[in-house]
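Take a look at the structure below.
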Amino acid sequence: MPEGHTIHRLAKDLNKTLKPGPLTASSPQGRFAEGAELLDGRELNKATAWGKHLFLDIDGAPPVHIHLGLIGKFRRKKLDAPIRGAIRLRLEGPERLWDLTGPMVCDVVDGDDVDRITSELGPDPLRADGDPDEFARRLGRRRIAIAAALLDQKVIAGVGNVYRSEFCFLMGIRPDLPANQVPHDVVSEMWDLSVAQLTQGVRLNRITTRDPAEVGVAAGRISGDDRLYVYKRDGRPCHRCGDEIRLLEIGQRKAWFCPSCQT
DNA sequence: ATAATATGGTGAT
DNA sequence: TCACCCTATTATC
């Protein structure tokens with residue numbers, strides 16, 4: 001489930017449920033045992049998200065860098081939840097605990113590492129310092145397909161495979177259009193779109209790109225196949241025009257689009 | 001029981 | 001371009 005919205009929502013929820021008070025940290029699976037030991041009994045200062053990266057600032061301990069990758073999950077559970085599955089890190093707070101499974105990265109790092117990792121990222125539409133002009137500059141330099149550029153975390157941090165197809169649909173451009181040929185006004189709108197969409201993603205804790213008014217329901221009440229316009233909908237009719245959604249392979253990942261709505 | 005898949009990313013070839 | 005890493009869930013035999 002992890003695109004940028006997931007990580008920013010996680011940071012918020014961790015800050016809300018793991019403070020105040022000392023944490024109990026453990027690595028039931030064992031692969032983060034040494035790291036967990038450094039965190040155990042200490043207090044969370046702040047969890048922070050940068051794109052798809054999550055950093056834990058824990059008082060008196062080195063920074064923890066977490067990246068969920070494709071399959072990682074950080075699940076909130078009740079305090080009496082049994083140990084099930086390969087739990088890399090369990091953090092127990094005053095009222096809730098969190099179990100981390102399958103992360104691509106879960107490491108103890110240092111401040112320089114944090115700076116290096118974050119400085120290599122493009123602007124993050126969910127951060128106050130996310131700069132639309134920087135996005136336009138980085139996008140305009142690329143000749144690769146726009147859908148490939150949107151996945152590049154140096155171009156824009158936090159966008160993943162669902163958002164990239166949905167953004168191209170919403171902007172009415174084909175995913176294989178070279179990034180440097182995207183008109184300036186579209187680039188500018190695309191940034192605003194990413195801010196609005198990822199912000200909504202954080203609020204709903206899931207990706208819902210469709211306009212509820214178009215579906216005919218109240219905001220946040222969209223369900224099932226109605227949430228997205230094109231993602232994973234190849235062979236099915238476009239929600240807007242009824243034409244058949246198509247599938248392309250762009251940048252070693254699948255990208256979906258409507259041949260009529262995106263020209 | 002085994003395979004395929006998943007909203008991600010790296011490093012070798 | 002490919003192999004690979006991490007894990008859970010669903011699909012197929």
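Below, read A as the first sequence line, B as the second, and so on, with proteins coming before strands; counting in each chain starts at 1. Everything numeric here is computed off the predicted structure, so don't read it as measured data.
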task: In whole angstrom, give the distance that lies between atom CG of A:L54 and atom P of B:dG8.
output: 16 Å
message: For residues 43-52 of chain A, which residue pairs pass the side-chain hydrogen bond (donor to acceptor under 3.5 Å, both in side chains) check, not counting sequence neighbours?
response: A:N45-A:D57
query: What does nucleotides 2-9 of chain C look like as a protein-contact string, B for base, S for sugar-phosphate only, - for none, at under 4.0 angstrom between heavy atoms?
result: B---BBS-
- line: Note: contacts of residues 109-128 of chain A with DNA chain B (heavy atom, under 4.0 Å) are none
- request: Inspect the contact between A:D176 and A:R174 and indicate whether a charged nitrogen and a carboxylate oxygen are less than 4.0 angstrom apart.
  value: yes
- line: On a heavy-atom basis, the closest approach of A:R138 and A:P123 is CD-CD, 4.0 Å
- prompt: Which of these nucleotides, B:dG8, B:dA6, B:dG9, is closest to any side-chain atom of A:P2?
  reply: B:dG8
task: For residues 17-27 of chain A, pull every pair meeting side-chain hydrogen bond (donor to acceptor under 3.5 Å, both in side chains), keeping only residues two or more places apart or in separate chains.
output: A:T17-A:W98
query: Looking only at atom P, what distance separates B:dT5 and C:dC13, rounded to whole Å?
result: 12 Å
- request: Grab the two heavy atoms, one from A:A25 and one from A:L39, that are nearest each other, plus how far apart they are.
  value: CB-CB, 3.8 Å
Minimum heavy-atom distance between A:K73 and A:L68, given as atom pair plus value: N-CD2, 4.0 Å
Closest heavy-atom pair and its distance - A:P132, A:W191: CB-CD1, 3.6 Å
field: Closest contact, heavy atoms only, A:F55 versus A:T118
entry: CE1-CG2, 3.8 Å
- prompt: Considering residues at least two apart in sequence or located in another chain, which fulfil the side-chain hydrogen bond (donor to acceptor under 3.5 Å, both in side chains) criterion with A:T101?
  reply: A:R75
- prompt: Roughly, in whole Å, what's the span from CD1 in A:I250 to P in B:dT7?
  reply: 14 Å
statement: To the nearest angstrom, the CZ-C1' distance between A:R9 and B:dT7 comes to 16 Å
query: Does any residue of residues 157-176 of chain A have a heavy atom under 4.0 Å from DNA chain B, and if so, which ones, in number order?
result: A:G160, A:N161, A:V162
- request: Between C:dT9 and B:dG9, how far apart are the P atoms? Round to whole Å, please.
  value: 22 Å
query: A:C238 pairs by side chain to side chain contact (heavy atoms under 4.5 Å, CB included) with which of A:S260, A:P259, A:C258?
result: A:C258
task: Mind listing the closest non-hydrogen atom pair of A:D124 and A:G51 along with its distance?
output: OD2-N, 2.7 Å
